[in-house]
Amino acid sequence: MPGPEEGMEMRRYRVRGRVQGVGYRWWTQRVARKLGLVGRVRNVPDGSVEIRVGGAPGLLDALEVQLARGPAAAGVSTVEREPLGEGHKERAWTTFDISRE
């Protein structure tokens, strides 16, 4: 995985709609790993899904397109994106996982 000096970017996505109870986290993990991204995905109590992810900007853009589609059972209404600062501790991730928090 490239480091920040080699073009790695960190982003946070919040996906809203019918995204819990439909396999969205498992699907996101599979897509992110295929793209070679690192980070985590978790359900949020408000019914949305949060993704914190790092990788090359082009690969993050490809993930974002997929997040808007979601798995077949999902119904995505919005995908919000925000950059995460350089000092974000998640840069140390080495894989993409599902968070149980």
Side-chain angles (χ1 to χ4, degrees):
M1 188 76 214
E5 67 282 352
E6 299 170 24
M8 182 172 173
E9 185 177 312
M10 298 295 300
R11 294 182 188 169
R12 176 186 168 272
Y13 292 99
R14 181 67 67 99
V15 183
R16 299 180 190 282
R18 191 177 67 249
V19 293
Q20 289 191 15
V22 294
Y24 196 93
R25 290 177 301 153
W26 295 99
W27 174 87
T28 300
Q29 180 185 47
R30 189 174 67 248
V31 171
R33 285 183 173 179
K34 280 184 182 178
L35 291 169
L37 301 171
V38 297
R40 70 175 175 102
V41 58
R42 71 181 184 105
N43 283 338
V44 180
D46 68 5
S48 66
V49 170
E50 179 188 61
I51 299 109
R52 290 179 181 254
V53 60
L59 295 175
L60 293 173
D61 292 343
L63 175 66
E64 188 171 336
V65 168
Q66 293 298 314
L67 292 176
R69 293 181 185 145
V76 176
S77 59
T78 61
V79 177
E80 302 163 6
R81 173 178 75 178
E82 74 175 274
L84 294 176
E86 283 289 320
H88 229 68
K89 66 180 179 181
E90 285 89 349
R91 289 187 337 193
W93 283 327
T94 58
T95 188
F96 192 95
D97 293 311
I98 296 171
S99 176
R100 305 281 185 231
E101 46 178 77

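This chain uses plain numbering: 1 for the first residue, then up along the sequence. As the structure is a computational prediction, the values presented were derived from the model and not from experiment.
Legend: residues meeting side-chain hydrogen bond (donor to acceptor under 3.5 Å, both in side chains) with Arg12, ordered by chain and number and at least two apart, are Glu50, Glu82. Under the rule for a side-chain contact (heavy atoms from CB on, under 4.5 Å), the partners of Leu59 that lie at least two apart in sequence or sit in another chain are Leu35, Leu37, Ala56. The side-chain contact (heavy atoms from CB on, under 4.5 Å) check on Arg30 picks up Trp27, Lys34, with sequence neighbours excluded. Shown here are the side-chain hydrogen bond (donor to acceptor under 3.5 Å, both in side chains) partners of Arg16, two or more places apart in sequence or in another chain: Asp46, Glu80. Judged as a salt bridge (Lys or Arg N to Asp or Glu O under 4.0 Å), and not counting sequence neighbours, the contacts of Asp97 are Arg33.
Counting only heavy atoms from C-beta outward, the side chains of Asn43 and Tyr24 never approach each other to under 4.5 Å. Taking 4.5 Å as the limit, every side-chain heavy atom of Val76 sits out of range of all side-chain heavy atoms of Leu67.
Considering all non-hydrogen atoms of both residues, Trp93 and Val53 come closest at CZ3-N, 4.5 Å. Of all non-hydrogen atoms in Arg42 and Ser99, the two that sit nearest each other are CB-CB, 3.8 Å. Among all heavy-atom pairs drawn from Ile98 and Arg25, the shortest one is CG2-NH1, 3.5 Å. The minimum heavy-atom distance linking Val15 with Val19 is given by the pair O-CG2, 3.6 Å.
The backbone N or O of Pro45 sits nowhere less than 3.5 Å from a side-chain atom of Gln20 that would complete a donor-acceptor pair.
Tracing side-chain contacts under 4.5 Å through hydrophobic residues (I, L, V, M, F, W, Y), one never reaches Val41 starting from Val44; they form parts of separate clusters.
The structure places CE of Met10 at 8.5 Å from CG of Leu60, a figure rounded to the nearest 0.5 Å.
Listed by first and then second residue, the side chain to side chain donor-acceptor pair (under 3.5 Å) pairs that reach into residues 55-64 are Arg11-Asp61, Tyr13-Glu64, Glu64-Arg81, sequence neighbours excluded.
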